[in-house]
2 protein chains.
Amino acid sequence: MLLRIDQSSTTPLFDQLASSIRGAAITGGVKPGERLPAARDLAESLEVNVHTVLRAYQLLRDEGLVELRRGRGAVVTDRAERYSQLSAAIDTVVVEARALGIAPDTVTALLREALK
Amino acid sequence: MLLRIDQSSTTPLFDQLASSIRGAAITGGVKPGERLPAARDLAESLEVNVHTVLRAYQLLRDEGLVELRRGRGAVVTDRAERYSQLSAAIDTVVVEARALGIAPDTVTALLREALK
DNA sequence: TGACTTGTTCTATTGAAACTAGAACAATAG
DNA sequence: CTATTGTTCTAGTTTCAATAGAACAAGTCA
């Protein structure tokens with residue numbers, strides 16, 4: 001699994017990390033039952049703080065995407081399959097938004113508004 | 001046009017305001033050529049700072065949704081029509097996400113990832 | 001023309017949140 | 001039992017949203 005972090009981005013690091021893992025879970029990069037790297041290890045390889053990684057893990061736990069247990073680490077659940085069912089609908093939005101020349105931030109704002 | 005602001009929300013006020021106006025532009029609440037309230041007036045009625053309103057206006061200007069001119073105020077452009085073309089696709093995402101029991105924040109995160 | 005309206009720009013302060021850092025702790029694995 | 005790994009706590013730094021006040025510039029309109 002390839003995880004990338006952009007230190008210069010304005011979006012929070014823990015958010016980037018969570019999104020990255022989420023994406024991997026959906027595309028099959030990580031499969032249910034698979035174990036994510038230990039927070040301390042991942043923090044070191046990404047050159048961020050342990051707390052930042054743990055926060056990302058906890059976010060994914062709140063979403064039901066991973067289970068966290070001391071001594072065992074973070075394990076991916078089978079809930080990722082549900083997320084992948086949304087992919088087609090989301091891809092349609094992305095394609096149309098690009099065709100219309102609408103900026104990414106604007107598209108997410110429109111979605112947030114529609115979700116309220 | 002009805003604009004609401006939730007002071008207790010974690011999302012920035014200028015963001016809420018921009019989304020609210022954007023929504024109004026899409027649903028036809030405000031039409032192209034129509035003029036938005038003067039920043040000073042809107043700030044007073046919403047009980048927020050003038051700068052907060054102006055920041056929302058400037059965000060919408062960057063999106064091409066309004067034009068700002070001194071002495072004239074903020075005028076809605078006809079670009080709003082483009083945005084409405086996305087509505088159907090976005091609605092589909094919202095419906096599916098709700099059916100799958102996926103949290104709003106998660107859905108927006110998935111979209112952001114797909115837009116990268 | 002001249003007064004008024006309205007956005008633009010500037011400086012400054014406050015409060016919240018992200019990130020980093022270090023340490024002690026608790027549950028699980030092997 | 002020992003090592004691993006997440007949990008919790010305190011704390012300091014930085015960034016950004018929001019507020020506030022003031023001066024300024026470009027347009028409106030009588």
Student: Where each residue is assigned the nucleotide of DNA chain D containing its nearest heavy atom, which of B:Pro12 and A:Ala74 is assigned the position nearer the 5′ end?
Tutor: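 Closer to the 5' end of DNA chain D: A:Ala74.
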Student: Establish, from distance only, whether the side-chain atoms of A:Thr77 and A:Glu67 form a donor-acceptor pair under 3.5 Å.
Tutor: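 On atom types as modelled, these side chains do not qualify, holding no pair under 3.5 Å.
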Student: Tell me: CD of A:Gln7 to P of C:dA18, nearest whole Å?
Tutor: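 Rounded to whole Å, this separation is 16 Å.
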Student: How about B:Asp105: does its CG atom have over 12 heavy atoms from other parts shown lying under 6.0 Å from it?
Tutor: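 It does not: B:Asp105 CG has 12 such atoms or fewer within range.
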Student: Considering only NZ, NE, NH1 and NH2 on the basic side and carboxylate oxygens on the acidic side, decide whether A:Asp15 and A:Arg55 come within less than 4.0 Å.
Tutor: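 Judged by the 4.0 Å cut-off on N to carboxylate O distance, A:Asp15 and A:Arg55 do not form a salt bridge.
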Student: In whole angstroms, how far is the C1' atom of C:dT5 from the CG atom of B:Leu54?
Tutor: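 B:Leu54 atom CG is separated from C:dT5 atom C1' by 13 Å.
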Student: So does A:Gln58 get a side-chain nitrogen or oxygen closer than 4.0 Å to the phosphate oxygens (OP1/OP2) of D:dT7?
Tutor: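 Affirmative; the distance criterion is met.
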Student: Quick one: is D:dA17 close enough that its OP1 or OP2 comes under 4.0 Å of any side-chain N or O from B:Thr52?
Tutor: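 False: B:Thr52 side-chain N/O out of range (4.0 Å or more) of D:dA17 OP1/OP2.
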Student: Rounded to the nearest Å, what distance is computed from the OH atom of residue B:Tyr57 to the C1' atom of nucleotide C:dT9?
Tutor: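 The distance from OH of B:Tyr57 to C1' of C:dT9 comes to 19 Å, rounded to the nearest Å.
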Student: Is any side-chain N of the basic residue among A:Glu34 and A:Lys31 closer than 4.0 Å to the acidic one's carboxylate O?
Tutor: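 A:Lys31 and A:Glu34: not salt-bridged.
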Student: Can you work out whether A:Arg55 or B:Ala38 has the more 5'-proximal nearest nucleotide on DNA chain C?
Tutor: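 Its nearest nucleotide being more 5', the pick is B:Ala38.
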Student: Are any of the side-chain nitrogens in A:Arg79 or A:Glu63 under 4.0 Å away from the carboxylate oxygens of its partner?
Tutor: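 Not counted as a salt bridge, because no side-chain N and carboxylate O are separated by less than 4.0 Å.
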Student: In whole angstrom, what separates B:Asn49's CG from C:dT11's P?
Tutor: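 Roughly 17 Å, once rounded to whole Å.
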Student: Kindly say whether, by distance alone, the side chain of B:His51 makes a donor-acceptor pair under 3.5 Å with the base of C:dG7?
Tutor: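 No pair found.
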Student: What is the distance, rounded to the nearest whole Å, between atom CZ of B:Arg70 and atom P of C:dA3?
Tutor: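 Rounded to the whole Å, the gap is 20 Å.
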Student: Between atom CD in B:Glu47 and atom C1' in D:dA18, what is the gap in whole Å?
Tutor: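 In whole Å, D:dA18 C1' lies 15 Å from B:Glu47 CD.
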Student: How would you label the contact of A:Leu68 with the nucleic acid (heavy atoms, under 4.0 Å): base, sugar-phosphate, or nothing?
Tutor: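 Result for A:Leu68 = sugar-phosphate.
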Student: Atom CZ of A:Arg69 to atom C1' of C:dC25: distance rounded to whole Å?
Tutor: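 Checked: the CZ to C1' distance equals 19 Å.
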Student: Across the strands shown, which category fits A:Arg40 at heavy-atom distances under 4.0 angstrom: base, sugar-phosphate, nothing?
Tutor: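 Base contact.
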Student: Are OP1 or OP2 of D:dT15 and a side-chain N or O of A:Thr10 less than 4.0 angstrom apart?
Tutor: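 For A:Thr10, the contact criterion (side-chain N or O under 4.0 Å from OP1 or OP2 of D:dT15) is not met.
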Student: Establish, with yes or no, whether the OP1 or OP2 oxygen of D:dT7 is under 4.0 angstrom from a side-chain nitrogen or oxygen of A:Arg61.
Tutor: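 Result: yes.
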Student: Can you tell me which nucleotide in D:dG6, C:dG7, D:dT5 comes closest to the side chain of A:Ala39?
Tutor: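 Of all the options, the side chain of A:Ala39 is nearest to D:dG6.
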Student: Atom CG of A:Leu59 to atom P of C:dA18: distance rounded to whole Å?
Tutor: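 After rounding, the reported distance stands at 11 Å.
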Student: What about A:Arg72: does its side chain form a donor-acceptor pair under 3.5 Å with the base of D:dG6?
Tutor: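 Check fails, no donor-acceptor contact within cut-off.
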